Colleague: 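For reference, the structure I am asking about is given below.
Just so we're on the same page: letters track the sequence lines, and every chain starts at 1. In this text, all values refer to a predicted model and were calculated from it rather than measured experimentally.
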Amino acid sequence: MKQSLLFVPTLKEAPKDAEVKSHKLMARAGLIKQTSAGVYTYLPLAHRVIRNIETIIREELDKRGCSEMLMPALQPRDLWDESGRWDLYGPELMRLKDRKERDFCLGPTHEEIVTHAVRDYINSYKKLPLALYQIQTKFRDEMRPRFGLMRGREFIMKDLYTFHENQEDLDRWYQSMKEAYTEIFRRSGLETRIVSSDTGQIGGDEADEFMVMSEVGEDTISYCMSCSYAANQEFSGLSDGDVCPKCGGTIRTAKGIEVGNIFKLGTKYSESMNALFTSREGKREPVIMGCYGIGISRTLMASVEQHSTEDALVWPKELTPFDLHVVPVNYRDDALIEKVDGLVRSLEKDYRVLLDDRDERAGVKFKDADLIGVPYRMVIGKDFSNGKIEFLNRYNDHKEVLDLEDLAETLKSLNI
RNA sequence: CGGGACGUGGCGUAGCUUGGUAGCGCGUUUGGCUGGGGGCCAAAAGGUCGCAGGUUCAAAUCCUGUCGUCCCGACCA
């Protein structure tokens, strides 16, 4: 891919609205462009990363028996009246009317819709379990959007809903999804911590959150220094120095960004919305539900926060928009261009390659490359005529001059 | 929603106190020089100073209102 065609509007200075590191960097690296408070355009580089996150999610969920579908963002009031949430949700719910003055909202979550979608079908235990998910834009009219993609009014989310005939089956799936999430975040290169949480407004009886530890996080986590105990402070009430309820160790607190959560919903929606099935005993019972979310745009932001400095970024292997960044210091004379293009073509057979084909000075290209954060940079300079290129590994900051003949071998050994 | 701050070419900003031709850096265009860490010289384009009203001979500047954006707090599957 030629950089000149990709639309990567890098900036020397961050817009003054950007306050936290990841937000500044995302704006400077040409990843996002703010449209209004808490609403962003994801530019091509960010979009590529988002697609990579989505791919990981799809693989891990599909592998465990979940099915992807797509539900409407535009949701009629009737369903929200059924669950009772039209009145309960408050101003965070984006409400609107159609031309016939009928009430709608833009979905902040999809319990109502998914329950409506399956309730006629799930009439027997034989149809259970079922696990349905979607990746979609969600809307919440937040009182205060914050820190770029951290808390938006419009954001990309994966939401999954499971349906079960009994508690044991829900427990089994909950555990399986917990493992899926652990794997999803591991593959995304994010260090997360699982913390117990309150089940909040949505109702239910057990919940865990996946937290990326970070200074800019909005949640405070209480965790034990001696055992694995960790809980959202909102829920645990434990503060710095308190005694761990599990092992008696010392509690510490830290800030975290919630990138995912899993909930045992129970029968809150199936009861109110009449999603009943006939059990093995021949009784009509409300189906037992679980719901599981991942904030995809927030995960993107958390990744940048975790993998960046003030003016450079290094994408984790599975998220990176490209594998190799080829940076010819000189991309002017025809013979050279042809040679570089040939190299890129051969590399593109095995790798996703970004070629900085712009007629810019070396310094400009290098600064942009640092911002863009492709893990491996190949500089094509004076020694190219002697069959040599400079290879930078951003993961360990190791720079070396390579013979072109050794390039394939080197790349192979990096396991890109 | 309470508190605070800020709206001036694409980005960052000066000017506002004390009203009088809107300036600078970066970016953009053209030409030349350059060519391994955001270059240099020259020329040029680009701005309803958020919007509305008011005061005044005259408003980016003063007054009123309004909209927007950010930060702190409260809030949050």
Colleague: Please identify each residue that fulfils salt bridge (Lys or Arg N to Asp or Glu O under 4.0 Å) with A/R102, with sequence neighbours left out.
Modeller: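 Salt bridge (Lys or Arg N to Asp or Glu O under 4.0 Å) list for A/R102, sorted by chain: A/D78.
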Colleague: Taking the nucleotide of RNA chain B with the closest heavy atom to each, which residue, A/G381 or A/E234, is nearer the 5' end?
Modeller: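 Its nucleotide being nearer the 5' end, the pick is A/G381.
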Colleague: What integer number of Å spans the C1' atoms of B/G9 and B/U29?
Modeller: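 Taking atom C1' in both B/G9 and B/U29, they lie 15 Å apart.
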Colleague: Could you tell me how far B/U28 sits from B/A45 if I compare only their C1' atoms? Round to whole Å.
Modeller: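 Taking atom C1' in both B/A45 and B/U28, they lie 8 Å apart.
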Colleague: Using a distance-only test with no angle check, is there a side-chain donor-acceptor pair under 3.5 angstrom linking A/E82 and A/H116?
Modeller: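 Not at all, the side chains of A/E82 and A/H116 share no donor-acceptor pair under 3.5 Å.
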Colleague: Take atom P in B/A58 and the same atom in B/G46, then report the distance between them in whole Å.
Modeller: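 So the two P atoms sit 28 Å from each other.
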Colleague: For the side chain of A/R144, counting heavy atoms from C-beta on, which of B/G73, B/C76, B/C70 is nearest?
Modeller: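 Between B/G73, B/C76, B/C70, the one nearest the side chain of A/R144 would be B/G73.
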Colleague: At under 4.0 Å between heavy atoms, which parts of nucleotides 37-43 of chain B does protein reach? Answer with one letter per nucleotide, 5' to 3': B base, S sugar-phosphate only, - none.
Modeller: BBB----
Colleague: Using the C1' atom as the reference point in each nucleotide, state the distance between B/G7 and B/G50 in Å, no decimals.
Modeller: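 It comes out at 6 Å once rounded to the nearest Å.
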Colleague: Rounded to whole angstrom units, what separation is found between the CG atom of A/L43 and the C1' atom of B/C11?
Modeller: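 Rounded to the whole Å, the gap is 15 Å.
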Colleague: Say we look at B/G10 and B/U48: how far apart would their P atoms be, to the nearest angstrom?
Modeller: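 One P to the other, the span is 9 Å.
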Colleague: Going by the side-chain contact (heavy atoms from CB on, under 4.5 Å) test, name the single residue among A/I389, A/L404, A/V329 that passes it with A/I380.
Modeller: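 That would be A/I389.
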Colleague: Quick one: which residue pairs count as a side-chain hydrogen bond (donor to acceptor under 3.5 Å, both in side chains) with a foot in residues 25-38 of chain A, not counting sequence neighbours?
Modeller: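 Non-adjacent pairs meeting side-chain hydrogen bond (donor to acceptor under 3.5 Å, both in side chains): A/T35-A/T41, A/S36-A/R153.
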Colleague: As a check on the pairing definition, encode RNA chain B in dot-bracket form, counting Watson-Crick and G-U wobble pairs whose two distances are under 3.5 Å, and using | for partners outside this strand.
Modeller: ((((((((.[[[[.)....(..]]]].((((((.....)))))).....[[[[[..)....]]]]])))))))....
Colleague: What residues from residues 174-186 of chain A pass a heavy-atom cutoff of under 4.0 Å to RNA chain B?
Modeller: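 Residues of residues 174-186 of chain A that come under 4.0 Å of RNA chain B do not exist, since none gets that close.
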Colleague: Using 4.0 Å as the upper bound for N to carboxylate O, is an ion pair formed by A/E390 and A/R377?
Modeller: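 A salt bridge links A/R377 with A/E390.
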Colleague: Say you pick atom C1' in B/C62 and the same atom in B/U55; how far apart are they, in whole Å?
Modeller: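 It comes out at 8 Å once rounded to the nearest Å.
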Colleague: Below 4.0 angstrom from OP1 or OP2 of B/G12, is there any side-chain N or O of A/K24?
Modeller: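 The answer is no; no side-chain N or O of A/K24 sits under 4.0 Å from OP1 or OP2.
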Colleague: For a quick check under 3.5 Å, do A/Q233 and A/D219 share a side-chain donor-acceptor pair by atom type?
Modeller: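 No - no donor-acceptor pair under 3.5 Å links their side chains.
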Colleague: Any donor-acceptor pair under 3.5 Å joining the side chain of A/E13 to the base of B/G27?
Modeller: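 Absent.
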Colleague: For residues 325-371 of chain A, which residue pairs pass the ring-ring contact (aromatic ring centres under 6.0 Å, His included) check, not counting sequence neighbours?
Modeller: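 Residue pairs with at least one partner in residues 325-371 of chain A: there are none.
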Colleague: State whether a side-chain donor-acceptor pair under 3.5 Å links A/Y269 with A/R85.
Modeller: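 Distance-only check passes for A/Y269 and A/R85.
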Colleague: Give every residue pair that meets the salt bridge (Lys or Arg N to Asp or Glu O under 4.0 Å) criterion with at least one member in residues 166-184 of chain A, sequence neighbours excluded.
Modeller: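 Found A/D169-A/R172, A/D171-A/K264, A/K178-A/D208, A/E183-A/R186.
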Colleague: Is there any ring-ring contact (aromatic ring centres under 6.0 Å, His included) pair reaching into residues 139-160 of chain A, and which pairs are they, with sequence neighbours excluded?
Modeller: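 As it turns out, there is no ring-ring contact (aromatic ring centres under 6.0 Å, His included) pair with a partner in residues 139-160 of chain A once direct neighbours are skipped.
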Colleague: Applying salt bridge (Lys or Arg N to Asp or Glu O under 4.0 Å) as the test, list every pair that has at least one member in residues 392-412 of chain A; sequence neighbours left out.
Modeller: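 Every salt bridge (Lys or Arg N to Asp or Glu O under 4.0 Å) pair that includes a residue of residues 392-412 of chain A, provided the two are not neighbours, is A/D370-A/R394, A/K388-A/D403.
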Colleague: Using a cut-off of 4.0 Å on non-hydrogen atoms, how would the nucleic acid contact of A/P108 be classed: base, sugar-phosphate, or nothing?
Modeller: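 Result for A/P108 = base.
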Colleague: Does the pair A/R58/A/E54 count as a salt bridge with the N-to-O cut at 4.0 Å?
Modeller: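 A salt bridge links A/R58 with A/E54.
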Colleague: Using a heavy-atom distance cut-off of less than 4.0 Å, which residues of residues 325-338 of chain A contact RNA chain B?
Modeller: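 Here the set is A/V329, A/R332.
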Colleague: A/V379 has a side chain; which of B/G36, B/G35, B/C75 sits nearest to it?
Modeller: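 Nucleotide nearest to A/V379's side chain: B/G36.
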Colleague: Looking for any heavy atom pair under 4.0 Å, which part of the strands does A/A14 touch: base, sugar-phosphate only, or nothing?
Modeller: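 If one applies the 4.0 Å heavy-atom cut-off, A/A14 turns out to touch the sugar-phosphate alone, with no base involved.
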Colleague: Could you give all pairs that pass the salt bridge (Lys or Arg N to Asp or Glu O under 4.0 Å) test and reach residues 325-348 of chain A, with sequence neighbours left out?
Modeller: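 Applying salt bridge (Lys or Arg N to Asp or Glu O under 4.0 Å) to every pair that reaches into residues 325-348 of chain A, excluding sequence neighbours, yields A/R332-A/D359.
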Colleague: Could you check how far CD of A/E215 sits from P of B/C72, rounded to whole Å?
Modeller: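 From A/E215 CD to B/C72 P: 13 Å.
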Colleague: Could you check which of B/U69, B/C75, B/C76 has an atom nearest any side-chain atom of A/D17?
Modeller: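 The closest nucleotide is B/U69.
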Colleague: Write down the distance between CG (A/D359) and C1' (B/U29), rounded to a whole number of angstrom.
Modeller: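 After rounding, the reported distance stands at 15 Å.
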Colleague: B/C72, OP1 or OP2 - any side-chain N/O from A/R146 closer than 4.0 Å?
Modeller: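 Answer yes for this pair, as a side-chain N or O of A/R146 is under 4.0 Å from OP1 or OP2.
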Colleague: With sequence neighbours excluded, give me every salt bridge (Lys or Arg N to Asp or Glu O under 4.0 Å) pair touching residues 295-323 of chain A.
Modeller: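 Pairs touching residues 295-323 of chain A that pass the test: A/R187-A/E318, A/D323-A/R352.
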Colleague: Is there a side-chain contact between A/N232 and A/M211 in this structure, where contact means two heavy atoms from C-beta onward sitting under 4.5 Å apart?
Modeller: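 In short, these two side chains touch, coming nearer than 4.5 Å.
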Colleague: Given the P atoms of B/G35 and B/C70, what is the spacing between them in whole Å?
Modeller: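 Comparing P positions in B/G35 and B/C70 gives a spacing of 45 Å.
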Colleague: Please measure how far the C1' atom in B/U18 lies from the corresponding atom in B/C41, and state the result in whole Å.
Modeller: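 Looking at atom C1' only, B/U18 and B/C41 are 40 Å apart.
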Colleague: Between C1' on B/C11 and NE2 on A/H23, what's the gap in Å once rounded to a whole number?
Modeller: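 Roughly 14 Å, once rounded to whole Å.
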Colleague: I want to verify a distance call: between B/U28, B/C70, B/G12, whose nearest atom is closest to the A/K16 side chain?
Modeller: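 Looking only at heavy atoms from C-beta outward on A/K16, the closest nucleotide is B/G12.
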Colleague: Within a strict 4.5 Å, meaning less than it, do heavy atoms of the A/T320 and A/N52 side chains meet?
Modeller: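 A side-chain contact under 4.5 Å is absent here.
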Colleague: With a non-hydrogen cut-off below 4.0 angstrom, is A/E142 in contact with a base, only sugar-phosphate, or nothing?
Modeller: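 If one applies the 4.0 Å heavy-atom cut-off, A/E142 turns out to touch nothing in the nucleic acid.
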